[in-house]
Protein chains: 2
Amino acid sequence: MSTRQRILATALESFGTTGVDGTSLDALARDLDLAKQSILYHFNSKQILFQAVVDEAASEFIAELDSEVDGVDPNDVLAQVESAVRVVFRLALQRPALLGLLREASRPGSSVAVQLTGRLSHHIDAAQGALEHALSDGRVAGTNARLLLFSLYSTIMGVATEVEVMRAMGVEPSLRTLAERRTELLRFLEAALVPQTISAGVTS
Amino acid sequence: MSTRQRILATALESFGTTGVDGTSLDALARDLDLAKQSILYHFNSKQILFQAVVDEAASEFIAELDSEVDGVDPNDVLAQVESAVRVVFRLALQRPALLGLLREASRPGSSVAVQLTGRLSHHIDAAQGALEHALSDGRVAGTNARLLLFSLYSTIMGVATEVEVMRAMGVEPSLRTLAERRTELLRFLEAALVPQTISAGVTS
DNA sequence: TTTGTCCTCTACCAATTGGTAGACGGCCGC
DNA sequence: GCGGCCGTCTACCAATTGGTAGAGGACAAA
């Protein structure tokens, strides 16, 4: 593993857990057992390093998505959602820092938000297109594909990464509860997406 | 307005937008047109100031929730959800920094997460209890009240605060789209919650 | 007037921050 | 052998960090 790759991996881990502002180049160099100046040799500034880490994270995330979605019917929205949930939950378990970094990079006002979303734009467009088709065919409930996708994203990402809120609600983020959480999340999303065959009438 | 209150308000604004690590006491003092040491007189350290800001934010958030929920039938889950959505969206528009601070304080590994969730525990318990009742009565779809509440929280908070993701999906976070976003979110949540009178059968 | 408390200030501090300058060694093509 | 690039290093830097020490003003109680 090249030094450059080692730096990227360690920085991703630290940026994703401690945050960018909370990570100093000195601490990073200590973790790597490397001189700080060697980091700055490969990445001319902390900001550039951050951008490279975001790129790296986006690549990994996309790779995970692609490998999971591979072979799934692109028009079966529910199956696509299921794949996305599986990917995110696996990452939450095995690579929490990666999700943490995505969260960090998509903070309001983030300097790298555009870069990150640019890398994901192809997948976003594809998902949006599939949702639009499903909507117009009546296979999915809703009125606006973009807003629907946004809701799906928020729910999945929140349920997977908001560990402190989870604890507050009495759900320990352990391996034991993980399957249960994923099942309930999928049920929730399916209920939200599947159109009701007859109007249920909201009789509150 | 007392100096102490001014410090709290300004710190909430800065912590909620720039983050705690991204806010220096010097910058804060500059914003306040006050000597940094005056801040440290009222709050002995930055960490203590952060805790006080979290308390302040929790109080404001709870006050907003209470005033909105006041008079709404505690057993009408849908109406309660609607109130919560209304509060969060109003805050997203008028006090984005407050939501930003809640997000900051609930970051994984945050030192103040326990404090924040403790302040909200009463409301969490109440919501959970109402959901449990509705679940056992069959008025709401789902299997686990805690996980259901967690999903609702993630969706609402995400849709309200993930402005960069919103932009990535082609939704400008403007006043014009706000009503539309709220309507679609409510439709989404209702679809997820309202039990289907006859099994719709997931025929993908 | 004196005393004491509250609050804000100037002056200062050691540690840490991101970043620069440049020396040194290994390794490749010549 | 040797010039040149690559990568890592030591040494250093100015600026900023959170925090301390202590002076002094305002004001109320005595």
Side-chain angles (χ1 to χ4, degrees), chain A residues 1-57 97 100-101 104-105 107 109-113 115-116, chain B residues 1-57 97 100-101 104-105 107 109-113 115-116:
Chain A
M1 198 176 186
S2 73
T3 300
R4 193 189 155 86
Q5 283 174 319
R6 278 183 60 226
I7 295 173
L8 275 179
T10 306
L12 199 162
E13 199 66 27
S14 187
F15 287 173
T17 52
T18 319
V20 177
D21 285 333
T23 301
S24 72
L25 293 183
D26 291 87
L28 215 49
R30 235 174 291 130
D31 283 357
L32 285 160
D33 205 19
L34 195 72
K36 170 173 65 170
Q37 292 67 17
S38 298
I39 299 176
L40 286 165
Y41 170 79
H42 293 279
F43 306 94
N44 291 329
S45 72
K46 193 184 184 182
Q47 174 67 17
I48 289 176
L49 171 59
F50 185 26
Q51 290 170 3
V53 167
V54 167
D55 252 352
E56 168 73 13
L101 190 107
E104 176 90 3
R107 271 172 56 160
S110 159
S111 60
V112 295
Q115 182 195 346
L116 174 62
Chain B
M1 198 173 185
S2 72
T3 300
R4 193 191 154 86
Q5 283 174 317
R6 278 183 60 227
I7 296 173
L8 274 180
T10 307
L12 199 162
E13 200 67 26
S14 188
F15 287 173
T17 52
T18 319
V20 176
D21 285 333
T23 301
S24 72
L25 293 182
D26 290 85
L28 215 49
R30 234 175 289 129
D31 284 356
L32 285 159
D33 205 20
L34 194 70
K36 170 173 65 169
Q37 294 65 19
S38 299
I39 299 176
L40 286 166
Y41 171 80
H42 292 281
F43 306 93
N44 290 331
S45 73
K46 194 186 186 184
Q47 174 66 18
I48 288 174
L49 171 60
F50 184 28
Q51 290 169 4
V53 168
V54 168
D55 252 352
E56 168 75 13
L101 190 106
E104 175 90 2
R107 269 172 58 161
S110 159
S111 60
V112 296
Q115 181 194 347
L116 174 62

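Chain letters run A, B, ... following the sequence lines, proteins first, then strands; residues in each count from 1.
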Taking only the side-chain heavy atoms of B:Lys36 (C-beta and beyond), determine which of C:dC9, D:dG19, C:dT17 contains the nearest atom.
D:dG19
Closest to the B:Gln37 side chain: D:dC9, D:dA21, C:dG18?
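Ranking D:dC9, D:dA21, C:dG18 by closest atom to the B:Gln37 side chain puts D:dA21 first.
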From B:Leu8 CG over to B:Thr3 OG1, what is the distance, rounded to the nearest 0.5 angstrom?
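Taking CG in B:Leu8 and OG1 in B:Thr3, the distance rounds to 11.0 Å.
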Would A:Leu49 and A:Leu25 count as a side-chain contact (heavy atoms from CB on, under 4.5 Å) if you check the C-alpha gap in whole Å, the side-chain angles of each, and the deciding distance to 0.1 Å?
CA-CA 10 Å; A:Leu49 171 59; A:Leu25 293 183; 4.2 Å; yes
Please state how far atom [atom1] in [X] lies from atom [atom2] in [N], giving the value in whole angstrom units.
X	N	atom1	atom2	answer
A:Asp21	D:dG18	CG	P	11 Å
B:Ile39	D:dT20	CD1	P	14 Å
B:Phe43	C:dC7	CZ	P	12 Å
A:Gln47	C:dG19	CD	C1'	14 Å
A:Leu40	D:dA11	CG	P	18 Å
B:Leu28	D:dG19	CG	P	13 Å
A:Asp33	D:dG7	CG	P	19 Å
B:Asp26	C:dA11	CG	P	15 Å

Output yes when at least one side-chain N/O atom of [X] is less than 4.0 Å from OP1 or OP2 of [N], else no.
X	N	answer
B:Ser38	C:dC9	yes
A:Tyr41	D:dG7	yes
B:Ser24	D:dT16	no
B:His42	C:dT8	yes
B:Thr3	C:dT8	yes

For A:Phe50, which of A:Asp55, A:Thr23, A:Val112 qualifies under side chain to side chain contact (heavy atoms under 4.5 Å, CB included)?
A:Val112
Identify whether any heavy atom of B:Ser2 sits under 4.0 Å from a base atom; if not, whether one sits that close to sugar-phosphate; answer base, sugar-phosphate or nothing.
nothing
Polar pair under 3.5 Å, donor/acceptor by atom type, side chain A:Lys46, base C:dG19
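Checked by distance alone, the answer is no.
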Hey, mind stepping through B:Ile39 and B:Lys46 against side-chain contact (heavy atoms from CB on, under 4.5 Å) and telling me if it holds?
CA-CA 9 Å; B:Ile39 299 176; B:Lys46 194 186 186 184; over 6 Å; no
A:Glu104 and A:Ser110 side chains, donor-acceptor separation under 3.5 Å
no
